[in-house]
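My questions will all concern the structure given below.
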Amino acid sequence: MFREILRNKFVISAYIIGVITIILAIYIILNPFKVNYYYSGPAINNSFTINPSSIVFIILKTNNSNLNTNITIIKWIPETNISITLYYAISLGPPYQSREINFTTITTLNVASTGQGRITIFGIYRPEVINVLTIILTILFILIIALLIIGFIKSIINIRGKI
């Protein structure tokens with residue numbers, strides 16, 4: 001009976017597609033996001049152009065002195081042509097304070113800071129390739145189930161015919 005099932009082309013195809021599906025699922029699990037590091041270092045005065053689909057994190061940390069930071073962002077409102085400008089003034093005092101700020105749908109980030117401390121700016125986004133691969137993964141999973149059902153029904157019919 002087991003030998004008869006392994007001769008079935010539908011079952012073999014389902015196993016092969018299953019291996020491909022497992023490899024694709026492992027890739028999606030291990031690489032769900034991309035990270036862009038914009039800056040990591042001491043206080044700066046700089047402007048950054050940001051991908052609007054990124055979630056941007058700004059981490060401010062002080063040492064034994066103050067860190068004063070002015071952040072200006074231009075935020076894009078999705079599905080419109082409207083952009084707004086937002087201003088943030090952040091003051092961290094000694095010793096060893098930290099603050100994390102995150103933003104979505106921003107196009108420009110301007111950081112002006114003075115004092116001793118560390119600033120880290122990075123963005124996380126999900127590439128469109130991962131969305132496409134997830135849809136392909138779903139289709140392959142449905143195809144595997146269909147091939148296994150067809151293959152096992154065909155094997156049962158062939159086994160009954162021999163009895």
Quiz item: Cluster question for you: counting only ILVMFWY and a side-chain heavy-atom cut-off of under 4.5 Å, with indirect links fine, are F10 and I17 together?
Solution: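 Cluster IDs for F10 and I17 match.
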
Quiz item: Can you tell me if NZ on K75 sees more than 12 non-hydrogen neighbours from other groups inside 6.0 Å?
Solution: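 More than 12 within 6.0 Å, yes.
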
Quiz item: Who passes side-chain contact (heavy atoms from CB on, under 4.5 Å) against L24, sequence neighbours left out?
Solution: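 In terms of side-chain contact (heavy atoms from CB on, under 4.5 Å), with neighbours along the sequence ignored, L24 is linked to I28, L133, I136, L137, L140.
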
Quiz item: Hey, what do you get for CG (L60) to CD1 (I90), rounding to the nearest 0.5 Å?
Solution: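 Spacing of CG (L60) from CD1 (I90) equals 5.5 Å.
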
Exercise. Check whether any side-chain N or O of N45 sits under 3.5 Å from a backbone N or O of S113 as a donor-acceptor pair, and report yes or no.
Key: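 The answer is yes, because a donor-acceptor pair under 3.5 Å joins these two groups.
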
Quiz item: Taking N51 for the side chain and S53 for the main chain, is one N or O donor matched with an acceptor at less than 3.5 Å?
Solution: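 Here the side-chain-to-backbone pair exists.
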
Exercise. Can you establish whether the number of heavy atoms outside R126 located under 6.0 Å from its atom CZ is more than 12?
Key: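 Yes - once you tally the heavy atoms of other residues, nucleotides and ligands closer than 6.0 Å, there are more than 12.
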
Quiz item: Between R118 and T62, do the side chains contain an N or O donor and an N or O acceptor separated by less than 3.5 Å?
Solution: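 No, no side-chain donor-acceptor pair sits under 3.5 Å.
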
Exercise. Answer yes or no: is there a donor N or O on one side and an acceptor on the other, between the side chain of T80 and the main chain of I82, under 3.5 Å?
Key: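 Present.
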
Quiz prompt | Nearest heavy-atom neighbours spanning N46 and N110 | solution =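 Nearest pair, atom of N46 first, then N110: O-OD1, 2.9 Å.
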
Practice problem: Apply the side-chain contact (heavy atoms from CB on, under 4.5 Å) test between P52 and each candidate in I74, T104, T107, I106; give the one that qualifies. | Solution: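 Of the listed residues I74, T104, T107, I106, the side-chain contact (heavy atoms from CB on, under 4.5 Å) partner of P52 is T107.
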
Self-check item: Closest non-hydrogen atom pair, L147 against S13
Solution: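 Residues L147 and S13, closest heavy atoms: CD1-CB, 4.1 Å.
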
Quiz item: For the residue pair N68 and S91, what are the closest heavy atoms and their distance?
Solution: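 Minimum heavy-atom contact is OD1-OG, 3.1 Å.
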
Quiz item: Quick one: are the ring centres of Y37 and F57 less than 6.0 Å apart?
Solution: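 No, ring centres 6.0 Å or more apart.
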
Quiz prompt | Short side-chain to backbone donor-acceptor contact, S54 and I50, under 3.5 Å | solution =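 Not a single qualifying donor-acceptor pair exists.
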
